[in-house]
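Accompanying notes for the structure given below.
Letters A, B, ... mirror the listed sequences (proteins, then strands); counts begin at 1.
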There are 2 protein chains.
Amino acid sequence: MDKPPVPVTARCPVRTALELLGGKWKLLILYQLEQSPARLSALKARIPDISEKMLIQELKVMVDSGLVHRKNFGEVPPRVEYRLTEKGRLAMPVIAACRAFGQAYVRGLRE
Amino acid sequence: MDKPPVPVTARCPVRTALELLGGKWKLLILYQLEQSPARLSALKARIPDISEKMLIQELKVMVDSGLVHRKNFGEVPPRVEYRLTEKGRLAMPVIAACRAFGQAYVRGLRE
DNA sequence: CTGCATCCGTTATGATACTG
DNA sequence: CAGTATCATAACGGATGCAG
């Protein structure tokens, strides 16, 4: 019900990123949407251990921040598709960097 | 009571990164350590809104995961210096990507 | 199918005072 | 200065039932 006055403007850009992408699921959801647009049920299947509540909640947050677009087909039964926006694509390098880090870190454990 | 069998090995690398770098403070601390090694008090000064508890706690976690090195000079009064390890440097691209994302996102808001 | 609301336990985070 | 202990609160996350 409350709108934070100035959530993400004019500050340390790393903090901006943390606010927009932080949390347990946002990057993983964006990671899936990177491959292709998807419906809620498809996302749920691709991220098996996320609860439906968190999935919807995080999608809504990212729709509000402009990272994800929500397209309601207005059909019956309901059909809704989620896909990345242009802003959402800006997050792809972050995901790529995380992937690279994760791989390099694990590789380092085996040397 | 339960230990996850395989915490960070052999899994989605993005999740590995999230586990090691996730949370509100780790990236910000690493970001400061990127510039130069620093003592606890210096870090606290550079990250004004972190509590001492969280700073020490997160540093300890990252020492345990091998991202940060802790050097105790064994002097009186105490003197401890924190700096990045080689593994810690692997996270720098993630921070750079977050910076770039934050800047690009904010820039997008003004167009 | 998609989405929302509610209850509830766990975790994360913080303020403060204290120790060596 | 570096670190610990305690206590409180806020945020997170999950299960379930309900609605359009």
Could you tell me how far apart [X] ([atom1]) and [N] ([atom2]) are, to the nearest whole angstrom?
X	N	atom1	atom2	value
Leu55(B)	dA2(D)	CG	P	10 Å
Asn72(A)	dC4(C)	CG	P	11 Å
Leu59(B)	dG3(D)	CG	P	8 Å
Leu43(B)	dG3(D)	CG	P	11 Å
Lys44(B)	dA2(D)	NZ	P	10 Å
Leu40(B)	dA2(D)	CG	P	5 Å

Which heavy atom in [X] sits nearest to a heavy atom in [Y], and how many Å separate them?
X	Y	result
Leu21(A)	Leu27(A)	O-CG, 4.1 Å
Glu81(B)	Phe73(B)	CB-CE1, 3.7 Å
Tyr82(A)	Val68(A)	CD2-CG1, 3.9 Å
Arg99(A)	Pro13(B)	O-CB, 3.5 Å

The helix from dC1(C)-dG20(D) to dG20(C)-dC1(D): angle between end helix axes, five pairs per end, rounded to 10 degrees: 40°
Options dA2(D), dC4(C), dT2(C), nucleotide nearest the side-chain atoms of Lys60(A): dC4(C)
Side chain of Ile56(B) - closest among dA2(D), dT4(D), dG3(C): dT4(D)
Backbone of [Y] reached by a side-chain donor or acceptor of [X] within 3.5 Å:
X	Y	answer
Thr85(B)	His69(B)	no
Ser65(B)	Leu20(B)	no
Lys26(A)	Gly22(A)	yes

Side-chain N or O of [X] closer than 4.0 Å to phosphate OP1/OP2 of [N]:
X	N	answer
Tyr82(B)	dG3(D)	yes
Arg39(A)	dT2(C)	yes
Arg70(A)	dG3(C)	yes

Close side-chain approach of Leu84(B) to Met62(B), heavy-atom, < 4.5 Å: no
Protein proximity profile, nucleotides 11-18 of chain C - base contact B, sugar-phosphate-only contact S, no contact -, cut-off 4.0 Å on heavy atoms: --BBB---
NZ/NE/NH1/NH2 to OD/OE distance under 4.0 Å, Asp49(A) and Arg15(B): yes
